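Notes follow the structure.
Along the sequence shown, residues carry numbers from 1. Predicted model, so just to flag it, every value in this text is computed and none were measured.
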Amino acid sequence: MPQDTEAIHKSLDPAIQRMIMRAGEHNVTTVWDRYAAMTPQCSFGDTGLCCRHCLQGPCRIDPFGEGPKEGICGAGADVMVARGLDRAIAAGTAAHSGHAKHLAHTMKKMALGRAEAYTIKSPDKLLAVAARLNIATEGRQERQIALDVANAALADFHEKDTPVLWATTIVNPERAKLFTDLKLIPKGIDHEISEIMHRTLYGVDADPVNLLLGGLRCAVADLAGCAMATDLADILFGIPQPTGSAANLGTLQAQSVNIGLHGHNPVLSEVLIIAAKRKEDDARAAGAAGINLVGICCTGNEAMMRHGIPSCTHSVSQEMAIMTGALDAMVVDYQCIMPSVVGAAECAGTRIITTMDIAKISGATHIDFSEEAAVPRASEIIDLAIDQFRRRRNKAVEIPAITSPVISGFSVEAIVAALARLDPERPLQPLIDNIESGNIRGICLFAGCNNVKVPQDKNFIVMAGKLLKENILLLATGCGAGALMRHGFMDPANVDELCGEGIKAVLTAIGMANNLGGPLPPVLHMGSCVDNSRAIALTVAVARYLGVDTQQLPVVASAAEAVSEKAVSIGAYAVAAGLPTHVGVMLPVLGSRLVTEILTDKIKDLTGGYFIVDLDPVSAADRLLAAIDERRRGLGFT
């Protein structure tokens, strides 16, 4: 495949490199071009020292020279930075909890018989969640229980006298007490988002420490929203189990109707998967070999881990799937969808189909999707894609012949079931034994997005490669999982090449005990970005088993190429949960020495967790290893 030095500096993925070149050949502007046009970027905004919260601004503070040290209202750098960070946490919380609320409404409609396209795919998960919420199950029908669970979920959004159930019931008792003592228990998920917007308004909260504590409570609300979304999706669509699939642009098929499922919410994609199977004959009548669904971003993760749908690409490279000329339709729900896909589609002949009222894009085709009319709307969407194939048929396309095998779908339930083959009575004991012996030196969750400021996938690849050699068990979600899967980190065949001897022995023993004929993959795929709650759940399960708090465990997290405000809120709740949490791009906080010191050091005294901001992936991996070793020593593990 032809190489281009400039393309190599933009992405480590050779398939994406070729599409970057193709975009240039067709004069299509990409995310990398727009980033270059924006440089140099505003240093005031980069350090968090630009405020537009009132109409007297925008205000900027100069932390180094002779410029202003206060905004027009008198807010200093510490207050300005804390307010900006809080608003990012609130936005991320709104996104994840909005996703969860959508699922709660879907479950309620299903329980009431108003959304017949949906059923309870996992009764066991329904019963487990109901028991955790203290909802009666004995002698009751599944839909009655589901209705109560849905109502409990919706009740968690507004302010109420009782705590948010998805915040207090998903953590270990020690962490719940700490949240209570620090006043970090949310009063309501939507309430916390609203309160952040209030307290960061002109003339309200001007104490940076108080602001940061409010932001941390909002982050705990985000954890609740993520956990709720995971629970409800598992009930409605099934608990993910290890599933074989493939990743990268080579999953597109020139002679098939190619439909990209893009966004974050499986409410739409689950019905589209069924509709596509029913429309195969229509596709063949149009001259296609069939219908080929591929995933993009987290909707792709959801479809992959439950149905084995291949993952085409992720996050920053979403335009590149269109540039192949083979994508007939990109069907989007919400979050992380770049408006630029419409411009790329005009050149390449792809139909962009929006489906949610809150996520329309000028120039796209909008099909209003609702649970009540899910089947006919899904059928209409597939028909549009087939029609677009008719227009594309016999036109030249360019699909890079690059794919990587992937094993995805490692839910906590699947991991525990796999460990149970080694010790049926105490399934977590083999994990504990291997951590204590050092075969597993520690655990790291890779999460977050791709950021155009970083050569795509570089930080993930470098850090994962180093940590695996140091016998770290790696979990991954979101577009971080996408980066790793496209480079072979979720292919069991690469265990010998990528892993240290200790982790290799563990992955092999579990794989053989489960009759896989070989090891588990080097990195375990846990799902979409809301499924970071699965990593927290696994951490909590280990803490409960050992009788310690989560802050004592050799568990860390990394958003190596973070971009969305969702990554900020996830990072904040990981810190609240007691985890050292790496961010591989600069957070907009350096304008305040106080805020920076609190986030990277002082907060450790409160929650046990803290941020590690390090743009160098090798140095970042070393710092995560040091944090893991510190915690191993605290547990008496050598």
Side-chain angles (χ1 to χ4, degrees), residues 92 96 100 166-167 170-172 175 219-220 222-231 233-234 239-240 242 298 301-302 305 408-416 418-419 428 431 435 440 442-449 460 463-464 467-468 472-485 489-490 503 520-546 549-560 562 566-567 569-583 607-609 612 624 627-628 631:
H96 289 137
W166 262 272
I170 63 169
V171 296
N172 49 300
R175 188 66 12 179
V220 175
D222 186 46
L223 172 58
C226 286
M228 182 189 296
T230 297
D231 284 342
D234 283 356
I239 298 173
C298 279
N301 281 315
E302 297 274 2
M305 66 183 176
S408 69
F410 287 91
S411 60
V412 175
E413 292 87 346
I415 291 172
V416 171
L419 291 169
L428 288 178
L431 179 62
I435 292 174
I440 298 175
I443 301 173
C444 179
L445 166 68
F446 278 110
C449 335
F460 287 111
M463 292 183 69
L467 293 176
L468 283 172
I472 303 301
L473 176 63
L474 299 188
L475 315 173
T477 61
C479 289
L484 294 168
M485 72 173 67
F489 281 76
M490 295 183 182
I503 196 67
L520 300 180
V523 178
L524 303 186
H525 175 281
M526 294 199 89
S528 66
C529 59
V530 297
D531 292 327
N532 286 300
S533 59
R534 297 192 198 276
I536 297 295
L538 182 61
T539 303
V540 168
V542 172
R544 286 179 181 271
Y545 189 80
L546 286 175
D549 195 7
T550 47
Q551 68 175 332
Q552 297 172 261
L553 297 176
V555 179
V556 297
S558 173
K566 294 185 296 177
S569 59
I570 291 169
Y573 78 59
V575 168
L579 306 186
T581 301
H582 166 249
V583 182
T607 71
I612 298 169
L624 289 177
I628 285 169
R631 294 180 172 214

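Rounding to the nearest 0.5 Å places CG of Asp234 at 6.0 Å from CD of Glu413. With values rounded to the nearest 0.5 angstrom, Leu579 atom CG is found 11.0 Å from Leu624 atom CG. Within the model, atoms CD1 of Ile170 and OG1 of Thr230 stand 9.0 Å from one another, a figure rounded to the nearest 0.5 Å. Taking OG of Ser569 as the start and NE2 of His96 as the end, the distance is 5.5 Å to the nearest 0.5 Å. Atom CG of Leu538 and atom CG of Leu431 lie 6.5 Å apart (nearest 0.5 Å). Interatomic distance, NE2 of His525 versus CE of Met305, reported as 6.5 Å (0.5 Å rounding).
Across Gly478 and Asn301, no two heavy atoms sit closer than the pair O-ND2, 3.1 Å. Of all heavy-atom pairs spanning Ala414 and Pro242, the tightest one is CB-CD, 3.8 Å. Across all non-hydrogen atoms, the minimal contact from Thr607 to Arg175 is O-NH1, 2.8 Å. Closest approach of Ala560 and His582 over heavy atoms only: CA-CE1, 4.1 Å. In terms of heavy atoms, Ala567 sits closest to Ala562 at CB-CB, 3.8 Å. In this structure, Gly578 and Pro580 approach most closely via the heavy-atom pair O-CD, 3.8 Å.
Trp166 is not listed as a side-chain neighbour of Ser533, based on a closest heavy-atom distance of 4.5 Å or more. Ile472 places none of its side-chain heavy atoms less than 4.5 Å from the side chain of Ile503. For the pair Val523/Phe446, no side-chain contact is recorded, criterion being any heavy-atom separation below 4.5 Å from C-beta on.
Distance alone, capped at 3.5 Å, is enough to place a donor-acceptor pair between the Arg631 side chain and the Gln551 backbone. Listed for the Ser411 side chain is a donor-acceptor partner under 3.5 Å among the backbone atoms of Pro240. Side-chain atoms of Asn172 never come within 3.5 Å of backbone atoms of Arg544 as a donor-acceptor pair (strictly under, hydrogens ignored). Looking only at distances, no side-chain donor or acceptor of Ser528 sits under 3.5 Å from a matching main-chain atom of Glu302. With hydrogens and angles disregarded, no donor-acceptor distance shorter than 3.5 Å links the side chain of Asp231 to the backbone of Met228.
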Does Ile536 form a side chain to side chain contact (heavy atoms under 4.5 Å, CB included) with Tyr573? I'd like the steps, not just the answer. CA-CA 10 Å; Ile536 297 295; Tyr573 78 59; 4.1 Å; yes

Set out, in order, the CA-CA distance, both residues' side-chain angles and the distance that settles side chain to side chain contact (heavy atoms under 4.5 Å, CB included) for Lys566 and Cys529, then state yes or no. CA-CA 9 Å; Lys566 294 185 296 177; Cys529 59; 3.7 Å; yes

Take Met526 and Val412, measure what side chain to side chain contact (heavy atoms under 4.5 Å, CB included) needs, and give me the verdict at the end. CA-CA 8 Å; Met526 294 199 89; Val412 175; 4.1 Å; yes

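Among Leu524, Leu520, Val555, the one residue that satisfies the side-chain contact (heavy atoms from CB on, under 4.5 Å) test with Leu473 is Leu524.
In summary, the side chains of Thr477 and Asp531 do not present any donor paired with an acceptor at a separation below 3.5 Å, with no hydrogens or angles considered.
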